J.: 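Here's a structure for you.
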Amino acid sequence: MATFFTEPSRTFSEFLLVPGYSTKECTVDNVSLKTPVVKFKKGEKPALEMNIPLVSAVMQAVSDDKMAVALAKEGGIAFIYGSQPIETQAAMVARAKSYKAGFVVSDSNISPESTLNDILALKERTGHSTVAVTTDGTAQGKLVGMVTSRDYRVSRMEGTELVKDFMTPMSELIWAPSGTSLKEANNIIWDNKINQLPIVDAEGRLEYLVFRKDYASHKENKNELLDADKRYVVGAGINTRDFKERVPALVEAGVDIMTIDSSEGYSEWQKDTLEWIRATYGDSVKVGAGNVVDAEGFRFLAECGADFVKVGIGGGSICITREQKGIGRGQASAVIEVAQARDEYFKETGIYVPICSDGGIVYDYHMTLALAMGADFIMLGRYFARFDESPTTKVNINGTYMKEYWGEGSSRARNWQRYDMGGDSKLSFEEGVDSYVPYAGSLRDNVGLSLKKVMSTMCNCGVLSIPELQQKAKITVISTTSLVEGGAHDVLLKDSAQIK
């Protein structure tokens, strides 16, 4: 006879945190969000920790090398999507790992034979007013000049003027040679009262730009997540089909951690993948597995050697697995059971295997609930897809700026490997949708605000760390009436009122 769960499958919206005793020490400035990413033995320190409990989803619409750098600056990890050729994914990892903080590869470049109209179109497209003029119009071309808004006045020009006639030529630029340190570059900027400094190699080719405005923001990145060589920590997704070719390429590119990207992780396919990685690399290569929704699935992957286990099936905003296949579980119920299984496994073996809550986050307070219920960190797709740093296009829909967002199980992504159960090498039916999400601006501003809410709530609970939250949190199930009571009610909001 089939196994029946007696408790309903619950979501985060069905719970609230009950306040605990807050001492004078319970202030946001005193809260630590540091959390383990990979398994470790009792009494030992994990080989990899994050400074914030957030990672970005293994999705085409979310995680590329730009997202990897932006999220690492804030203390989290991006898992660069694996539904692309091995070579291009490895190249993304390599670019993120070689990124030098403060040194920017120019994304606004033009040739000297272009016109002012071309400059204006480029500015409209990129939003940047500083344009490098190179012989071939590329970021790595030989630098011949720069154009900023000080070099032209649209009201007094026709638009057909050639860039070479109004740019600031190389002979008048202040620049620095390849190998200049960030400190030296910033000193040159301040000493010469300039806004940007080109870094040029021995052949005269543009390598980087260092901007005055980036100095302050770099100083503010107190949580940035770096490896032993002071490079940003970068993750990547793999599948259970081409792992024998993909994993070595990613390791060669310098990846810090990988995760098996699958809609359902309780399978022999994942067992084979984990066993091959352990036999080939031992514990030196870090890899997570998933996704699972119960204790049985967690223990299976933990015993197979997973460094962390992802929890959640069907809870993503673009995921339609539940309505297509009738499989999954409410995210809160899944996290609660798997967290209990993790703690039991730790007591039995002395090995702590972190769990990642993947999906089901609608509001910022859901993050705090997921952590309180036992998640060590949280994987987010829709949340990060809204930002400037995601790889998708910003579009105007009926007067509102949106960003494109599609699931890995959609026909647009066609990531059949993620949903592979040993059948044909194709996506038989969709398990994700193609959509838009409201554009929200920069990652830094939004992540900072969300985590302030998390830390403030932790202070209300009387705790100053994630482990303490998991031990002391008081959580209550709420009724549908409580849901209504929890928002604005029985009033007329000013935004919707029309006074006559």
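Quick note: residue numbers are just sequence positions, from 1. Just so we're clear, the structure is a prediction, and the values are computed from it rather than from any experiment.
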J.: To the nearest 0.5 angstrom, please state how far the CE atom of Met92 sits from the NZ atom of Lys66.
T.: 12.0 Å
J.: Verify, without hydrogens or angle tests, whether Thr259 (side chain) and Asp261 (backbone) share a donor-acceptor contact under 3.5 angstrom.
T.: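 Side chain of Thr259 to backbone of Asp261: no pair is present.
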J.: Would you tabulate the side-chain donor-acceptor contacts of residues 20-28 under 3.5 Å, counting partners in other chains and residues two or more places apart, or write 'none'?
T.:
from: Ser22; atom 1: OG; to: Cys459; atom 2: O; distance (Å): 2.6
from: Thr23; atom 1: OG1; to: Glu25; atom 2: N; distance (Å): 3.2
from: Thr27; atom 1: OG1; to: Asn30; atom 2: ND2; distance (Å): 3.1

J.: With sequence neighbours excluded, tell me which residues meet ring pair (Phe, Tyr, Trp, His ring centres under 6.0 Å) with Tyr401.
T.: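 For Tyr401 there are no ring pair (Phe, Tyr, Trp, His ring centres under 6.0 Å) partners, ignoring immediate neighbours.
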J.: Does some side-chain heavy atom of Ile77 sit less than 4.5 Å from a side-chain heavy atom of Phe377?
T.: no
J.: Going by the rule ring pair (Phe, Tyr, Trp, His ring centres under 6.0 Å), which residues pair with Phe243 if we only count those two or more places apart in sequence or in a different chain?
T.: Trp276
J.: Using a strict 4.0 Å threshold on nitrogen-to-oxygen distance, state whether Glu389 and Lys73 make a salt bridge.
T.: no
J.: Given side chains that start at C-beta, do those of Gln270 and Leu301 come closer than 4.5 Å, heavy atoms only?
T.: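 Yes, at least one pair of side-chain atoms sits under 4.5 Å.
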J.: Working note: Val353 + Val309, criterion side-chain contact (heavy atoms from CB on, under 4.5 Å); need CA distance, chi angles, decisive distance, verdict.
T.: CA-CA 7 Å; Val353 181; Val309 174; 4.1 Å; yes
J.: When you measure from the side chain of Arg246 to the backbone of Gly237, do you find a donor-acceptor pair of N or O atoms at a distance under 3.5 Å?
T.: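 No: the side chain of Arg246 does not pair with the backbone of Gly237.
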J.: Under a 4.0 Å threshold between the charged nitrogen and the carboxylate oxygen, would Asp364 count as salt-bridged to Lys452?
T.: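 Salt bridge absent between Lys452 and Asp364.
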J.: Are Phe103 and Tyr99 near enough that their ring centres are under 6.0 Å apart?
T.: no
J.: Quick check: do Met258 and Val251 have side-chain heavy atoms less than 4.5 Å from each other?
T.: yes
J.: Is there a donor-acceptor contact under 3.5 Å from the side chain of Asn239 to the main chain of Arg241?
T.: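 Checked: pair present.
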J.: Could you walk me through whether Arg444 and Asp388 pass the salt bridge (Lys or Arg N to Asp or Glu O under 4.0 Å) test, one step at a time?
T.: CA-CA 10 Å; Arg444 180 181 178 83; Asp388 290 318; over 6 Å; no
J.: Give, for atom OG of Ser357 and atom CZ of Phe12, the distance between the pair rounded to the nearest 0.5 Å.
T.: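 Rounded to the nearest 0.5 Å, the OG-CZ separation comes to 4.0 Å.
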J.: Sub-3.5 Å donor-acceptor pair from the side chain of Gln89 to the main-chain atoms of Ile80, do we have one?
T.: yes
J.: At what distance, to the nearest 0.5 angstrom, does CE of Met373 lie from OG1 of Thr368?
T.: 10.5 Å
J.: Output yes when a side-chain donor or acceptor of Gln331 lies under 3.5 Å from a complementary backbone atom of Ile361, and no otherwise.
T.: no
J.: Between Tyr281 and Val287, is the side-chain contact (heavy atoms from CB on, under 4.5 Å) condition met? List the steps.
T.: CA-CA 11 Å; Tyr281 297 98; Val287 58; over 6 Å; no
J.: With Glu124, which residues qualify under side-chain contact (heavy atoms from CB on, under 4.5 Å), at least two apart?
T.: none
J.: OH of Tyr232 to CG of Leu226: how many Å apart, nearest 0.5 Å?
T.: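 Interatomic distance, Tyr232 OH to Leu226 CG, rounded to 0.5 Å: 6.5 Å.
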J.: In Å and rounded to the nearest 0.5 Å, what is the SG to CD1 distance from Cys304 to Ile277?
T.: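 If we round to the nearest 0.5 Å, Cys304:SG and Ile277:CD1 are 11.5 Å apart.
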J.: Does a salt bridge link Lys97 with Asp227, judged by any charged N lying under 4.0 Å from a carboxylate O?
T.: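 Answer for the salt bridge query: yes.
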J.: With a 3.5 Å cut-off and sequence neighbours excluded, list the donor-acceptor pairs that the side chains of residues 467-478 form with protein atoms.
T.:
from: Glu468; atom 1: OE1; to: Leu464; atom 2: N; distance (Å): 2.9
from: Glu468; atom 1: OE2; to: Lys472; atom 2: NZ; distance (Å): 3.0
from: Gln470; atom 1: NE2; to: Leu371; atom 2: O; distance (Å): 3.4
from: Gln470; atom 1: NE2; to: Gly374; atom 2: O; distance (Å): 3.4
from: Gln470; atom 1: NE2; to: Ala375; atom 2: O; distance (Å): 2.9
from: Lys474; atom 1: NZ; to: Pro19; atom 2: O; distance (Å): 3.2

J.: Is the NZ or CZ atom of Arg386 both under 6.0 Å from the centre of the six-membered ring of Tyr383 and within 45° of that ring's axis?
T.: yes
J.: Among all residues two or more places apart in sequence or in another chain, which pass the ring pair (Phe, Tyr, Trp, His ring centres under 6.0 Å) test with Phe300?
T.: Tyr266
J.: Test of understanding: with side-chain contact (heavy atoms from CB on, under 4.5 Å), list the residues that count as partners of Thr392, not counting sequence neighbours.
T.: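 Scan of Thr392 (side-chain contact (heavy atoms from CB on, under 4.5 Å), adjacent residues dropped) gives Ala61, Ser390, Lys403, Glu404, Trp406.
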J.: Over 60° means perpendicular and under 30° means parallel, so tell me whether Tyr363 and Tyr365 are parallel, tilted or perpendicular.
T.: parallel
J.: Scan for side-chain hydrogen bond (donor to acceptor under 3.5 Å, both in side chains) pairs involving residues 332-341, sequence neighbours excluded, and state none if there are none.
T.: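 Residue pairs passing side-chain hydrogen bond (donor to acceptor under 3.5 Å, both in side chains), neighbours aside: Arg329-Glu337.
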J.: Under 3.5 Å, which donor-acceptor pairs do the side chains of residues 41-57 form with other protein atoms, sequence neighbours left out?
T.:
from: Asn51; atom 1: OD1; to: Lys34; atom 2: NZ; distance (Å): 2.8
from: Asn51; atom 1: ND2; to: Asn223; atom 2: O; distance (Å): 2.8
from: Ser56; atom 1: OG; to: Ser63; atom 2: OG; distance (Å): 2.6

J.: Ring pair (Phe, Tyr, Trp, His ring centres under 6.0 Å) with Phe15: which residues, sequence neighbours excluded?
T.: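 Checked Phe15 against ring pair (Phe, Tyr, Trp, His ring centres under 6.0 Å); zero matches.
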J.: Heavy-atom count check: over 12 atoms from other residues, nucleotides or ligands less than 6.0 Å from Glu275 CD?
T.: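 Yes, enclosed.
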J.: With sequence neighbours left out, write down each residue that passes side-chain contact (heavy atoms from CB on, under 4.5 Å) with Ile397, or none if nothing qualifies.
T.: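 Val395, Met402, Tyr436.
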J.: Could you list the residues that satisfy side-chain contact (heavy atoms from CB on, under 4.5 Å) with Pro85, not counting sequence neighbours?
T.: Glu87, Thr88
J.: What distance separates Met458 CE from Ser465 OG, expressed to the nearest 0.5 Å?
T.: 6.0 Å
